[in-house]
Amino acid sequence: NKRLYTQFKISSVTNIDNILVIGDERGKIYLLHNYLQGKGKCYETVLEWHTGPVLALCSYGRHLYSAGEESVVVLWHTRDLSRDFLPRVG
């Protein structure tokens with residue numbers, strides 16, 4: 001059952017290995033597994049770090065980069081959901 005993301009404003013969208021990635025105005029990032037394929041059970045993982053809107057999302061291999069108003073780029077390692085930071089960008 002695919003949940004509709006209409007309760008908040010979507011600010012960024014990308015994908016990683018057929019995982020739809022959505023960033024919202026509250027700083028949350030949703031990884032929607034199996035959403036693009038339409039096969040198997042759909043489930044989500046929520047990543048939280050940003051205090052304001054997710055202004056940019058970019059994927060490279062199994063890594064996800066996110067940026068917000070904090071002037072910090074967060075590098076998310078999608079295999080274990082750990083993260084690294086690139087502070088004071090911009």
Side-chain angles (χ1 to χ4, degrees):
N1 201 359
K2 296 181 181 181
R3 181 171 122 184
L4 295 176
Y5 289 84
T6 58
Q7 295 102 356
F8 56 85
K9 183 178 175 185
I10 295 172
S11 58
S12 299
V13 177
T14 190
N15 70 29
I16 301 173
D17 292 340
N18 291 318
I19 299 170
L20 180 62
V21 182
I22 299 172
D24 75 8
E25 65 183 2
R26 300 170 300 167
K28 293 184 180 184
I29 300 169
Y30 299 88
L31 305 178
L32 306 178
H33 305 266
N34 297 327
Y35 193 86
L36 296 174
Q37 297 169 330
K39 298 177 183 177
K41 183 178 179 181
C42 296
Y43 64 98
E44 72 180 26
T45 302
V46 180
L47 306 176
E48 295 184 65
W49 185 84
H50 297 285
T51 58
V54 177
L55 300 177
L57 288 171
C58 180
S59 61
Y60 184 76
R62 296 288 300 168
H63 295 99
L64 173 67
Y65 296 87
S66 64
E69 296 173 335
E70 307 90 355
S71 297
V72 175
V73 173
V74 182
L75 167 59
W76 301 91
H77 305 276
T78 58
R79 292 192 191 272
D80 62 5
L81 301 181
S82 64
R83 60 188 177 226
D84 290 308
F85 304 97
L86 304 169
R88 312 247 187 264
V89 177

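Note: hydrogens, waters and symmetry copies are ignored here, and every other heavy atom, side chains too, is used.
- Under the rule for a side-chain contact (heavy atoms from CB on, under 4.5 Å), the partners of His63 that lie at least two apart in sequence or sit in another chain are Tyr65, Leu75, His77.
- Between the CG atom in Leu20 and the CG atom in Leu32 there is a gap of 5.0 Å [rounded to 0.5 Å].
- For Arg83, the salt bridge (charged side-chain N to carboxylate O under 4.0 Å, His left out) test picks out no residue, with sequence neighbours left out.
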Task: Leu31 and Leu81: CA distance, side-chain angles, deciding distance, side chain to side chain contact (heavy atoms under 4.5 Å, CB included) verdict - done: CA-CA 11 Å; Leu31 305 178; Leu81 301 181; 4.3 Å; yes
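- Every pair passing salt bridge (Lys or Arg N to Asp or Glu O under 4.0 Å) that includes a residue from residues 57-72 is listed here, sequence neighbours excluded: Asp17-Arg62.
- The shortest heavy-atom contact between Ser12 and Ala56 is OG-N, 3.4 Å.
- A single hydrophobic cluster is seen to contain both Val72 and Val54, as judged by linkage of ILVMFWY side chains at heavy-atom distances under 4.5 Å, directly or through other members.
- In the hydrophobic cluster analysis, where Ile, Leu, Val, Met, Phe, Trp and Tyr join through side-chain heavy atoms closer than 4.5 angstrom, Ile16 is grouped together with Trp49.
- Thr14 meets the side-chain contact (heavy atoms from CB on, under 4.5 Å) test with Val21, Leu57, Ser59, Leu64; sequence neighbours excluded.
- Between Gly68 and Leu55, the shortest heavy-atom distance links the atoms C-CD1, 3.8 Å.
- Among residues two or more places apart in sequence or in another chain, the ring-ring contact (aromatic ring centres under 6.0 Å, His included) test is passed with Tyr43 by His33.
- Asp80 approaches Ser82 most closely through the heavy-atom pair OD1-OG, 2.8 Å.
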